[in-house]
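Okay, structure first, notes after.
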Amino acid sequence: MEALDQLFIEAGTLMLAGMVFVFAFLGLLVVIINAVLTPLASKFPDPVAQSVTRPTLKKPAPQQGVSPTVVAAISAAVSQYRQKHKE
Amino acid sequence: MEALDQLFIEAGTLMLAGMVFVFAFLGLLVVIINAVLTPLASKFPDPVAQSVTRPTLKKPAPQQGVSPTVVAAISAAVSQYRQKHKE
Amino acid sequence: MEALDQLFIEAGTLMLAGMVFVFAFLGLLVVIINAVLTPLASKFPDPVAQSVTRPTLKKPAPQQGVSPTVVAAISAAVSQYRQKHKE
Amino acid sequence: MEQLNTLWMSTGLANFEMGQVIMMLVGCGLLYLAIARNFEPLLLVPMGFGAILTNIPLAGFSEVGGLLHYVYYAGIDTGIFPLLIFMGVGAMTDFGALIANPKMLFLGAAAQFGIFATLFGAIALNAIPGFEFSLQDASAIAIIGGADGPTAIFLASKLAPELLGAIAVAAYSYMALVPIIQPPIMKLFTNEEERKIEMAQLRHVTKFEKVIFPLAVLLMAIFFLPSAAPLVGMFCLGNLMRECGVVDRLSSTAQNELINIVTIFLGLGVGSKLSAEAFLNVETLGILALGAVAFSIGTTSGVLMAKLMNKLSKDPINPLIGAAGVSAVPMAARVANKVGLEANPHNFLLMHAMGPNVAGVLGSAVAAGILLALVGS
Amino acid sequence: MEQLNTLWMSTGLANFEMGQVIMMLVGCGLLYLAIARNFEPLLLVPMGFGAILTNIPLAGFSEVGGLLHYVYYAGIDTGIFPLLIFMGVGAMTDFGALIANPKMLFLGAAAQFGIFATLFGAIALNAIPGFEFSLQDASAIAIIGGADGPTAIFLASKLAPELLGAIAVAAYSYMALVPIIQPPIMKLFTNEEERKIEMAQLRHVTKFEKVIFPLAVLLMAIFFLPSAAPLVGMFCLGNLMRECGVVDRLSSTAQNELINIVTIFLGLGVGSKLSAEAFLNVETLGILALGAVAFSIGTTSGVLMAKLMNKLSKDPINPLIGAAGVSAVPMAARVANKVGLEANPHNFLLMHAMGPNVAGVLGSAVAAGILLALVGS
Amino acid sequence: MEQLNTLWMSTGLANFEMGQVIMMLVGCGLLYLAIARNFEPLLLVPMGFGAILTNIPLAGFSEVGGLLHYVYYAGIDTGIFPLLIFMGVGAMTDFGALIANPKMLFLGAAAQFGIFATLFGAIALNAIPGFEFSLQDASAIAIIGGADGPTAIFLASKLAPELLGAIAVAAYSYMALVPIIQPPIMKLFTNEEERKIEMAQLRHVTKFEKVIFPLAVLLMAIFFLPSAAPLVGMFCLGNLMRECGVVDRLSSTAQNELINIVTIFLGLGVGSKLSAEAFLNVETLGILALGAVAFSIGTTSGVLMAKLMNKLSKDPINPLIGAAGVSAVPMAARVANKVGLEANPHNFLLMHAMGPNVAGVLGSAVAAGILLALVGS
Ligand code: NA
Ligand code: NA
Ligand code: NA
């Protein structure tokens, strides 16, 4: 076994080196994200999701002439139906 | 190889010891369930499931004014809808 | 290492033997399907699926007296309902 | 020309031995039973297929470097696959019916007489020339009477690996035959009045009881029968995962994907032991005969025990549910229910029969532990 | 100071070799193709990633004790992973279109000429200084023409493990390039009239036929080509589980969770063979060139065979479906359908092309078996 | 009589040692915490159960040939299980919040001071007679402060396998105790005003950024810390599979079935290290004490760093989210959110705390890599 003093010195060095390295590593990652990743990202935007907007346009249309009571009734029926047909 | 007689005796002992042990083991389990588990269980009842009762109270309400024909129509529509939108 | 000539001859033989064998194998499979499998199949027809026809008979019935607008409304309500109750 | 000869010598036709042909037909027979007759298909399909693969000349499936060789030595020789199956079965088992009516454990105990009587019978067969079963062999054969596939495979892999193929075939075949084997015996030992007996409804069992139960069973195995601890332990782990309510994703995986994967490999690995030398001999016939005897005796002793308990108990007990004590979950319980309905169309015994049914699983694991403790080297 | 030096010497920067950097770029290239170009991503994502991991200095992924070392030796060197993939592919394959029109098997046979011609080509490359392919190497390279990933990996792991990385890269890259490689060849060898040919609708295939078919294929492999039995056997097991209808949970696991798990590991393990010494040499260039040749010849011979059959058969056969005989399921069948639609907007060839497509899988498994039988040590 | 004696000698009762009884109670305690107190149940249920199984006398679960022996040596000693868990966790992790606000990485870095301070503390404990921690031991203990279960198990299996059981118990217990340990510390080092700080909404992060991010992290690990490459690599593979959008079926399997299967075995395998000799000693007490210290210091340094950054940054930063830098995903982020809501009912910090939270995972993997590089043999 090593003497305790020696171990203490090694542990202290390890603590110092370790924290410096962790900060350096993650700090460099911050730099990379800010300096490389984010600027690049503006050149590769997400594709516009067109399929998502269509159904929201479609759905309200047939709903116009329906009174709220009917919709409430329907919701209840649906609940009932799902309850029954649940396996 | 052992002589057949010797084997017979061993097999008989095994049969006897085995059945005694099986009955003792499972019998003791009966005792434990009756004497320990079940009495203890009354001190740890199942939590009352309140969330289950609420929806059943809620659902009937909006259903009041709806005629059975409408509900039948809705059920049919739901069936139809699910058929179509099934992937 | 073998001489290149020798390798060429072996590769050529392999090519020939391989293609003959592949054709023989798959050709024999054609014969087996035509001469054994398909004739046998007529003796083991698929069981008639009766359960599939029943629901289609049942569903149209209650739909008779319902106007298309109501069905449209219902479809919308169902969409809405599913949207809300999706987890 | 030489090339052609090499090609011919590398065909199966040029290398077949009669035993391999017969064993392939046995494999096809297992596939037929599984697919056309619905005999325990989850195990018999991969097992029958494994039997065919292992007997292909030159393919070397079960030789060093072959797929089935790896499967067998990694999963079955080590006992890992049966134990994982047991964990999955534990995760599928609901002990509610048994906890509500713990007396049913006696039915699960009584049905194990099928095992021990068959052990004696296997030794008795040694009187016939050609049979030379050791106590280990006899124990591994006898466990067929436990009507529990993974237990039988686990014990056979420990006590008599050379008989594993025949024992597994017998165990799964008779488990599939439960609806044919049991009813006549059940009717022979009961009268119409007994079969009509209706039983009191089972009480509600709390979550607390269901969580503690597997731990209590494990504790007893620890105290009294450590040799059964692998089987009982993995079974109880599965059951605890099921009931504790906080690891549902593990429980679901144990009863679905994991058990499915292991079942495929277990079937293939067991099938790889169906070689001609190991299967085509008089001992296999003896094993098949003893297996039928074991199931019959187990059914009989379960029914007789139930009749006795019906006499002694204040609550009526329908003797039919005693037959479910052999385990074969849930087939034996369904058979009890069906025979009960024939006698009394308003008598639904299914839930009552689940008690002895799962008790039989524990009973045969205990019996396996005893055999391991007393005859395992 | 010494600590700092230790830290520096433990960085990758201080230990990089040029070859490792290049191979990591190759890995990134595979990831790019997979993610941005959708080239067979299920295998190329883990494979490209494995290529990066295995070339990290000091990390020791592929040395004794490293993760990829275990993955490679447990799963690929033993052949287990490709065989499990094959079982899963079998469980995903519907032979209905082939059983309805068994003549399509000849197209699957003809397309294997890509394999055997490439074998000859690989030996011919030996005339160029720097190439020294043995018959084993040539066979492993030629199987790229089978357009079947797991078959290529299986054969390469048996005949030429040191070429495995390059062969897998070539096989999967060209499989992804099928929509680019095939159409010009298909148009070159057919005229407008031929591409417009419409084919008769396929008859209904019964469950009985679908259950017996994998068993018949296995039987033929047993009789005539036991060396193909591992590949054909596991494929037929998967297909039997799919069609028999009694083990749906096993079939589902084989086509989903099990094949997914194995695919991740197979990709990583194959990637671990992409080391600089094994990949950065003139042989890899030869393999890539030969792979392109193999696909082209396979496509050509499939189309020509279909033209011949169209002449001889009473039912019209669109020569385009011959190209699907190389397998690359279901990409090649889709390509045939697409090229057909260009010529005739009412001509849906997809179902007709599935016949030669799945026949091509059988064909290349048979070809692999022949190569194993004749040049495998 | 002899038979009876054999039977008695084969019971657990006749063979119990005190240490085994105590360790079984420890196992039961873990099960209690998992089931009744919901302490990290996914790992503690199999781990507690494994602790019970491994201490059963005569059952031999952890001896050569026993189930847990195979599980430990195949999965934990090799490092495979923790790495697969890490891949699954990677597939579950969304780095969006971190990419939107990369400064949060400094919080994840600061919280690792819990690890390195504890390392020093473990060596300091050697001043007390009875403790003799080597640097390896101290490092394995210190990683508890990383609040990351698989990282702790991976490092302990490499540096101090004999302490693995105690380290895993401490790591998972304190992770479960995060909602109890952290709030008082968070409140001690912040004032009401600071806790009320609201943060600016995070910007949208594109798919491109999410795909490149894991590759960038891997690249840095390759360059600067290859010893962290196994952990970081498998984590990034999982994350890449999640984000790339072309291998959803692999990603789904990695985060569900595969991680579930591995979790069951990892728990059992870690539990098998909870033997009396390894656990019942003064070192375990030291480990438990050091673990609590590690979590507290990590929380403190995270909060203080956040306070400092709040001073320096133009955008306000709520110091509470610094506590999430210890990882313990997603518990620590939820705790930050909860404490924030107490001070300001309109302050939803959850998304903001996810940044330091996932940064903490990277931070502790980096710390583990440093320890492996500097004290690993
Ligand atoms: Na039983
Ligand atoms: Na092919
Ligand atoms: Na951490």
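Below, chain A is the first sequence line, B the second, and so on; all start at residue 1.
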Would you mind reporting whether [Y] and [X] have side-chain heavy atoms less than 4.5 Å apart?
X	Y	result
D:Ile222	F:Asn55	no
D:Met234	F:Leu268	yes
F:Ile56	D:Phe223	no

So, taking the atom named [atom1] in [X] and the one named [atom2] in [Y], what distance separates them when rounded to the nearest 0.5 Å?
X	Y	atom1	atom2	result
F:Glu257	D:Leu258	CD	CG	11.0 Å
D:Thr253	F:Ile261	OG1	CD1	6.5 Å
F:Ile259	D:Leu250	CD1	CG	10.0 Å
F:Phe265	D:Leu84	CZ	CG	4.5 Å
F:Cys28	D:Leu218	SG	CG	8.5 Å
F:Leu13	D:Phe224	CG	CZ	5.0 Å

### Task
Check whether more than 12 heavy atoms from other residues, nucleotides or ligands sit under 6.0 Å from atom NZ of D:Lys207, and answer yes or no.
yes
### Message
Does any backbone or side-chain atom of D:Leu83 lie under 4.5 Å from a heavy atom of chain F? Answer side chain, backbone, both or neither.
### Response
side chain
### Query
Which pair of heavy atoms, one from D:Gly233 and one from F:Leu53, lies closest together, and at what distance?
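Nearest heavy atoms, D:Gly233 then F:Leu53: CA-CD2, 4.0 Å.
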#### Entry: Heavy-atom closest pair, residues F:Ala59 and D:Ala229
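Closest approach of F:Ala59 to D:Ala229, heavy atoms only: CB-CB, 3.9 Å.
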### Task
Among the options F:Ile52, F:Asn38, F:Leu42, pick out the one with the most heavy-atom pairs lying under 4.5 Å from chain D.
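Most pairs with chain D among the choices: F:Leu42.
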### Task
Report the option among F:Val45, F:Leu67, F:Leu58, F:Asn15 that has the most heavy-atom pairs separated by less than 4.5 Å from atoms of chain D.
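Max contact count across the listed options: F:Leu67.
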#### Entry: Short side-chain to backbone donor-acceptor contact, F:Asn260 and D:Arg249, under 3.5 Å
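Such a contact is found between F:Asn260 side chain and D:Arg249 backbone.
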### Task
Could you have a look at D:Val211, D:Leu240, D:Leu225 and say which one has the most heavy-atom pairs with chain F under 4.5 angstrom?
D:Leu240
### Task
Among D:Ile80, D:Val247, D:Val246, single out the residue with the greatest number of heavy-atom pairs under 4.5 Å to chain F.
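Sorted descending by pairs with chain F, the first entry is D:Val246.
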### Task
Could you look at F:Ala14 and say if it's the side chain, the backbone, both or neither that has a heavy atom under 4.5 Å from chain D?
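Neither; nothing under 4.5 Å.
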### Task
Heavy-atom distances under 4.5 Å only: say whether F:Met9 touches chain D with side chain, backbone, both or neither.
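Interface part for F:Met9: neither.
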